[in-house]
Number of protein chains: 2
Amino acid sequence: MSKQLVVLDTSTGACCEPLTQAALDISQAETLAPMFKALGDPIRLRLLSMITSAEGGEACVCDMTPQFDVSGPTISHHLKVLREAGLIEGDRRGTWVWYRPLPQAMRALAAVLNTPVGAGV
Amino acid sequence: MSKQLVVLDTSTGACCEPLTQAALDISQAETLAPMFKALGDPIRLRLLSMITSAEGGEACVCDMTPQFDVSGPTISHHLKVLREAGLIEGDRRGTWVWYRPLPQAMRALAAVLNTPVGAGV
DNA sequence: CCCTTGTCTAGATGATTTTCGAATCAGCGC
DNA sequence: GCGCTGATTCGAAAATCATCTAGACAAGGG
């Protein structure tokens, strides 16, 4: 897990400095693609958005589930996909489970998208 | 097409100013998710990366195809997915077809990922 | 100890996706 | 016009995915 997060070395946290001008290599692409894929569903995108924008930086499953038209198990499945993609982590606190984002992962994805057009000149 | 790109109003081009502290609403999520989904495949991620990092800001299909282990039609299919997601556009120039990125789309996606954790406080 | 509430796992099903070969379309040069 | 190269579209097979119901597990309250 830590491996996939240092691929682009986003540890400096600078969001506007593109970290690579060169095209992604195969292993970088294979590391990052599953993360983008996890965001490729409207429900999961809303879940992540709810989690990142929640006060305190974390959100309870019990608060998120009622906001969707799908069943509880389906929400649980989507949270698992986000978790296995390395985008969020969660823990049970008594009866409820709380999730929070993993910022390094978000930065790694943002770094790809912040690459300026024509960087290879 | 233009509709989906103004959802987050990235026209200012500021990449470090998150444009929304609130959670995405349903229609925003349904607009953005297909774009992330298009990036959720290693081949497509590499294709987009080659296009954005190419000198001159555009890349020829003829130069990209040989860099993959899959058939020409498969590359063509993946380029179509990226095109229909609004991430790239292409045009034929004589014998060859050239693709370039659509920066507004990239910014719209980056804006989601640049949202600071706990923005909803 | 049982009952209730919250969350997750398991298994099934219908829909979508990835990939290929074959065929088709677009330009260019002879 | 004919043939050649580059790119796309078409049709089909295999794999993956989203969703559901039913059931299991966890924690807390009578």
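All figures in this text were calculated on a predicted structure; none of them were measured in a lab. First the proteins, then the strands, lettered A, B, ... as listed; each starts at 1.
Residue I43(B) is not grouped with residue V81(B) when hydrophobic side chains (ILVMFWY) are merged at heavy-atom distances under 4.5 angstrom, including chains of intermediate members.
Using a 4.0 Å cutoff to heavy atoms of chain B, the contacted part of DNA chain D runs 5' to 3' from dG6(D) to dT9(D).
In this structure D69(B) satisfies the salt bridge (Lys or Arg N to Asp or Glu O under 4.0 Å) test with no other residue, sequence neighbours excluded.
One can place NZ of K80(A) at 7 Å from P of dA10(C), the figure rounded to the nearest angstrom. Between the OH atom of Y99(A) and the P atom of dG6(C) there is a distance of 16 Å, given to the nearest Å. In this structure, the CD1 atom of I75(B) is 11 Å from the C1' atom of dT19(C), given to the nearest Å. If you measure from atom CZ of F68(A) to atom P of dG6(C), you get 17 Å, rounded to the nearest angstrom. Atoms CH2 (W96(A)) and P (dG6(C)) sit 8 Å apart, rounded to a whole Å. Nucleotide dT9(C) holds its C1' atom 15 Å from the NE2 atom of H78(A), rounded to whole Å. The interatomic distance linking L82(B) (CG) with dT17(C) (C1') rounds to 14 Å, in whole Å. In this structure, D41(A) places its CG atom 13 Å from P of dT16(C), rounding to the nearest Å.
OP1 or OP2 of dT17(C) lies within a sub-4.0 Å distance of a side-chain N or O belonging to K37(B). Contact annotation: S76(A) side-chain N/O to dC8(C) OP1/OP2 distance is under 4.0 Å.
Within 4.0 Å of H77(B), counting heavy atoms only, lies at least one base atom of the nucleic acid. Among the protein residues, G72(A) comes within range of no part of the nucleic acid, since none of its heavy atoms lies under 4.0 Å from any strand. Heavy atoms of R93(A) sit nowhere under 4.0 angstrom from any nucleic acid atom.
Minimum interatomic distance between M64(B) and A59(B) (heavy atoms only, all atoms of both residues): SD-CB, 4.0 Å. Summarising the geometry of R83(B) relative to E89(B), their closest heavy-atom pair is CG-CA, 4.5 Å, with the distance given to 0.1 Å.
Nearest-nucleotide positions on DNA chain D place G40(A) closer to the 5' end than the other of G40(A) and T95(A). Both S71(B) and V97(A) lie close to DNA chain C; mapped to their nearest nucleotides by heavy-atom distance, the more 5′-ward contact belongs to V97(A).
Through direct or indirect side-chain contacts shorter than 4.5 Å among Ile, Leu, Val, Met, Phe, Trp and Tyr, W98(A) is connected to W96(A).
Put simply, the side chain of R46(A) gets close to the backbone of Q67(A): a donor and an acceptor are under 3.5 Å apart.
Between L109(A) and L87(A) the shortest side-chain heavy-atom distance falls below 4.5 Å.
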